[in-house]
A.B. asks: 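Got a structure for you, questions after.
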Amino acid sequence: MHDAIDVATLLERSRRPECGAIAVFLGTSRDHHEGRKVKRLSYEAYEPMAAAALDALERETRGRYPVVSCHIVHRLGEVPITEVSVAIAVAAEHRGPAFEACRWAMDELKRTVPIWKKEFYAEGGEGWVEGTRLGP
Amino acid sequence: MHDAIDVATLLERSRRPECGAIAVFLGTSRDHHEGRKVKRLSYEAYEPMAAAALDALERETRGRYPVVSCHIVHRLGEVPITEVSVAIAVAAEHRGPAFEACRWAMDELKRTVPIWKKEFYAEGGEGWVEGTRLGP
Amino acid sequence: MSDSSTLTVTLLLFAQARERAGRSKLDVELPRGSRLSDALAAVERLHPALAELRPHLAVAVDRRLVAGDQVLEDRVEIALLPPVSGG
Amino acid sequence: MSDSSTLTVTLLLFAQARERAGRSKLDVELPRGSRLSDALAAVERLHPALAELRPHLAVAVDRRLVAGDQVLEDRVEIALLPPVSGG
């Protein structure tokens, strides 16, 4: 989870003869947040629990929507500005469910996976991004 | 428009320091349609008008949603099963507008761009996919 | 070249329209003052199989969709556009 | 190794919790029969800066989120999880 995300491979794995649609979300490191200039971003995780939560989220997405595949990858450690921190690819017969499932998975990821983002500000200082309390 | 779509370059062009989200849609050639097995797919266009319509759609998407970039590419001629016939990438500060704009652009493309899809069936025969009448 | 009493328009046919006519392009010479509907009637006389498709077609003149029955300029390009199905 | 009258649990601290404690991991020895709340109280005695964070933390035992105040087994792994912000 500490290397750059290989988006090309993620897309290759999502191409299926029975599918007409692949919806993809890429989260990228942004140079600002709530009015402050961000010079770098870093992610920390409870790695085994995060990996299990991502696997569970892939399965739950496939169970909840009429989609054929869902692949999710999250990068950890420093993610330079413009690089991809998270990638979700959902393949389906039709585009409606692909889009819906992809968006749902991303919202859910932010709510349920033990990963934390820290920002380092251009003017100095740093802060953990305000997040969501995990619920059992 | 007749070569394989270079998705990697499309994604590269969508990475921007001020953006935290890239929503991508890939349409892929599917091996069935309305219960019939499809062995090949081919696209035809009124090329100069289609190119202008895709440019206009990119601009309109940027005007209608708070997004930074919208890139759309459509492939013509034969598109083998599992290969990408259309790609849309939308970059934005936030994921909500990126998803919404990407989906809107795809729906709009199917309604407004003079491109036609023909299916060749495994059991023999061929047919133009039922489409939408263009409106002025 | 058309003389001063006629004009020539190019018709472009796509998808089903192209297949029904068995061609993708033709030039039609019409009396000056002719309208779009005259050009469409002329192409249907040459290719009667197009008539059935007519209610489903959109028409572009010089790459712009048109709704009314405009008077034609010399040398315009008229495209017959069946229902679209890109994506 | 803990003798038969005690048990040892491992606490894992992440993000703000890790920074406030100045460490990512510690072992705590507790009397047998101790509950989760006893382990949390023990780590807060060692690292008082954690107390303020407590209402915002979720807690996992052996990588499973827990809500109640369960009795602890020997050698479980307790993770203190601040509000998450992946993506």
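Letters A, B, ... mirror the listed sequences (proteins, then strands); counts begin at 1.
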A.B. asks: Test D:Arg63 against D:Glu77 for salt bridge (charged side-chain N to carboxylate O under 4.0 Å, His left out), laying out the working first.
C.D. replies: CA-CA 8 Å; D:Arg63 304 172 191 175; D:Glu77 180 179 280; 3.7 Å; yes

A.B. asks: Please classify the contact of A:Tyr43 with chain D as side chain, backbone, both or neither, using a heavy-atom distance under 4.5 Å.
C.D. replies: side chain

A.B. asks: Measuring heavy-atom distances to chain D, does A:Ala87 have an atom under 4.5 Å in its side chain, in its backbone, in both, or in neither?
C.D. replies: neither

A.B. asks: Count the heavy-atom pairs under 4.5 Å between each of D:Gly86, D:Ala67, D:Ala60 and chain A, then report the option with the highest count.
C.D. replies: D:Gly86

A.B. asks: Given heavy-atom pairs under 4.5 angstrom as the criterion, report whether the side chain, backbone, both or neither of A:Ser85 touches chain D.
C.D. replies: side chain

A.B. asks: Which of the residues A:Pro48, A:Gly135, A:Ala52, A:Ala50 is involved in the greatest number of heavy-atom pairs with chain D at under 4.5 angstrom?
C.D. replies: A:Pro48

A.B. asks: Which atoms of A:Lys118 are under 4.5 Å from chain D, going by heavy atoms: the side chain, the backbone, both sets, or neither?
C.D. replies: side chain

A.B. asks: Is it the backbone or the side chain of A:Val113 that comes under 4.5 Å from a heavy atom of chain D, or both, or neither?
C.D. replies: backbone

A.B. asks: With sequence neighbours excluded, what pairs up with D:Ala58 under the side-chain contact (heavy atoms from CB on, under 4.5 Å) test?
C.D. replies: A:Leu134, D:Leu65, D:Leu81

A.B. asks: Taking all non-hydrogen atoms of both residues into account, name the closest pair between D:Ser24 and D:Arg18 and its distance.
C.D. replies: CB-CD, 3.7 Å

A.B. asks: Looking at side-chain heavy atoms only, is the closest gap between A:His74 and A:Leu109 below 4.5 Å?
C.D. replies: yes

A.B. asks: Which atoms of A:Arg111 come close to chain D, meaning under 4.5 Å heavy atom to heavy atom: side chain ones, backbone ones, both, or neither?
C.D. replies: backbone

A.B. asks: Would you please test A:Glu119 and A:Arg36 for salt bridge (charged side-chain N to carboxylate O under 4.0 Å, His left out) and show each step?
C.D. replies: CA-CA 10 Å; A:Glu119 297 174 334; A:Arg36 300 173 83 175; over 6 Å; no

A.B. asks: State whether the number of non-hydrogen atoms from other residues, nucleotides or ligands found under 6.0 Å of D:Glu73 atom CD is greater than 12.
C.D. replies: no

